[in-house]
Trainee: 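Encoded as structure tokens, here's the structure I'll be asking about.
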Number of protein chains: 2
Amino acid sequence: MEITQETDYAVRCVLYLSSIGPEQTVRIEEIAAEMQIPRSFLAKILQKLTQADIVRSYRGVKGGFRLSRPPKEITLLQVVEAVEGPVAMNRCTREGSLCDFKKTCVVHPVWRRLRTIVETYMKDITFEKLKKERRQEAMAQNILTVRRKKT
Amino acid sequence: MEITQETDYAVRCVLYLSSIGPEQTVRIEEIAAEMQIPRSFLAKILQKLTQADIVRSYRGVKGGFRLSRPPKEITLLQVVEAVEGPVAMNRCTREGSLCDFKKTCVVHPVWRRLRTIVETYMKDITFEKLKKERRQEAMAQNILTVRRKKT
DNA sequence: ATAATACGAGACTAATTTTATCCTGTTTAG
DNA sequence: CTAAACAGGATAAAATTAGTCTCGTATTAT
Ligand code: SF4
Ligand code: SF4
């Protein structure tokens, strides 16, 4: 029971976008390099994130991506669901018709409850929270200043 | 993020075994039919459950399976882990070396925490609990008496 | 205008995992 | 000794995951 590599990439990507200014954009190329994500795969992931209205894309010269709202309003759950669909925990909480036992099954409510627990936890993790921790770490290591020079 | 079909089969299987007497054994055939699990696939699953010391197998005529300890001492987590390995939630909580960022990553602790949450929940669900609910339902519908006749 | 840049969409592919099946061998009750 | 029942390994189809590539469209600087 694990998220996919794709989902982890997506989280890294949104985390990176959380660290830039709200007026800036960054190219796929930059995110891919900084977050160690295969470039063309990331392009696909960003399409999903765009369609889920988590990021917004800008085409052409000077184009790129930015978050479509402040990091505070983007949760881990939203990102996970955008790339891999509902966190159902078991098929029957996603599509009940898949199992004949559903009506009488005593395990079904267990999975439903677990689903709620996981969703609740992930809903509480915003990228604002993550960003803050990240900035603190970066400052402790002077990573941010290094990156500014390079840009 | 879902358990596999195999895992669901395993849970059904252990649930069924929880309902029989501690001295009885049941054949793969019976479990497969009652719990709607492909026979040969179930055989494989039971091997894993045997190796994890959740069930015990008996060969030869009159052979079959039974739980290797009372349902009270078997948790959902044990069964899940027996068939699909650790519930890591993300690769990095299973094998840290898989990610270069691990040391500084602010998301990593989030997955670790979620893992703990899920494990804690599943550890609390014993098959004794499930069995009790199941018996109540069965009695309400007279399923148990029907099954006894058939045997 | 138009060339260069950057994302969008869809087809395609490779690798891995999931979901099984089957065969041969071993154990055991009667 | 033999029929019943599980053990273990090989094999295979289907689904999912992970990733690439090409061509199209939008944007902007010149
Ligand atoms: S057996 Fe119960 S838990 Fe399993 S899929 Fe069916 S309803 Fe869900
Ligand atoms: S980026 Fe962070 S969360 Fe993702 S795999 Fe690496 S350590 Fe884990």
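None of the values given here were measured: they were computed from a predicted structure. To find a chain, count down the sequence lines: A is the first, B the second, and so on, and within it residues start at 1.
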Trainee: In whole Å, what is the span from the NZ atom of Lys48(B) to the P atom of dG9(D)?
Mentor: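 Interatomic distance, NZ of Lys48(B) to P of dG9(D): 13 Å.
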Trainee: Would you give the length of the straight line joining atom CD of Glu81(A) to atom NZ of Lys123(A), rounded to the nearest 0.5 angstrom?
Mentor: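 Taking CD in Glu81(A) and NZ in Lys123(A), the distance rounds to 8.0 Å.
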Trainee: According to a strict under-4.0 Å criterion, is Arg27(B) in side-chain N/O contact with OP1 or OP2 of dA5(D)?
Mentor: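 For dA5(D), OP1/OP2 do have a side-chain N/O of Arg27(B) under 4.0 Å.
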Trainee: Can you tell me how far apart CD1 (Ile125(B)) and CH2 (Trp111(A)) are? Round to the nearest 0.5 Å.
Mentor: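 Ile125(B) CD1 to Trp111(A) CH2: 9.5 Å, rounded to 0.5 Å.
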Trainee: How long is the line joining CD1 of Ile45(B) and C1' of dT18(C), in whole Å?
Mentor: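 Rounded to the whole Å, the gap is 11 Å.
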Trainee: Between dC7(C) atom C1' and Glu30(A) atom CD, what is the distance in whole Å?
Mentor: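 After rounding, the reported distance stands at 15 Å.
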Trainee: Between dA9(C), dG8(C), dG30(C), spot the one nearest the side chain of Thr50(A), thanks.
Mentor: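 Nearest nucleotide to the side chain: dG8(C).
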Trainee: Taking only the side-chain heavy atoms of Gln47(B) (C-beta and beyond), determine which of dT27(D), dA3(D), dG8(D) contains the nearest atom.
Mentor: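 The answer is dG8(D).
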Trainee: Using a 6.0 Å distance limit plus a 45 degree cone around the ring axis, check whether Arg27(B) lies over the aromatic ring of Phe65(B).
Mentor: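 No, a cation-pi geometry is absent between Arg27(B) and Phe65(B).
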Trainee: Can you work out whether Gln51(B) or Val61(B) has the more 5'-proximal nearest nucleotide on DNA chain D?
Mentor: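 The answer here is Val61(B).
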Trainee: Could you state the CG-P distance from Leu46(A) to dG8(C), rounded to the nearest angstrom?
Mentor: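 Atom CG in Leu46(A) sits about 8 Å away from atom P in dG8(C).
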Trainee: Going by an N to O cut-off under 4.0 Å, is there a salt bridge joining Asp100(A) and Lys103(A)?
Mentor: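 No.
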Trainee: Take the protein atom CZ of Arg59(A) and the nucleotide atom P of dA26(D), then report the distance between them rounded to whole Å.
Mentor: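 Interatomic distance, CZ of Arg59(A) to P of dA26(D): 6 Å.
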Trainee: For the pair made of CD in Glu29(B) and P in dA4(D), what is the distance, rounded to whole Å?
Mentor: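 Distance check: Glu29(B) CD to dA4(D) P gives 12 Å.
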Trainee: How close or far is atom P of dT21(C) from atom CD1 of Ile37(B), stated in whole angstroms?
Mentor: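 Ile37(B) atom CD1 is separated from dT21(C) atom P by 12 Å.
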Trainee: Tyr121(B): what forms a ring-ring contact (aromatic ring centres under 6.0 Å, His included) with it, not counting sequence neighbours?
Mentor: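 For Tyr121(B), no residue satisfies ring-ring contact (aromatic ring centres under 6.0 Å, His included) once neighbours in sequence are set aside.
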Trainee: For Glu84(B) and dT18(C), give me the distance from atom CD to atom C1', rounded to whole Å.
Mentor: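 To the nearest whole Å, that distance equals 11 Å.
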Trainee: Between the protein and nucleotides 16-22 of chain D, list every N/O to N/O distance that falls short of 3.5 Å.
Mentor:
from	atom 1	to	atom 2	distance (Å)
dA18(D)	OP1	Gln5(A)	N	3.2
dA18(D)	OP2	Gln5(A)	N	3.3
dA18(D)	OP2	Glu6(A)	N	3.4
dG19(D)	OP2	Tyr9(A)	OH	3.2
dT20(D)	OP2	Ser40(A)	OG	2.9

Trainee: Quick one: do Lys44(B) and Glu6(B) make a salt bridge, cutoff under 4.0 Å?
Mentor: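 Salt bridge: no.
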Trainee: Would you mind checking if Arg91(B) and Glu95(B) are paired as a salt bridge, meaning a charged N to carboxylate O distance below 4.0 Å?
Mentor: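 Here Glu95(B) does not pair with Arg91(B) in a salt bridge, since their nearest N and O are not under 4.0 Å apart.
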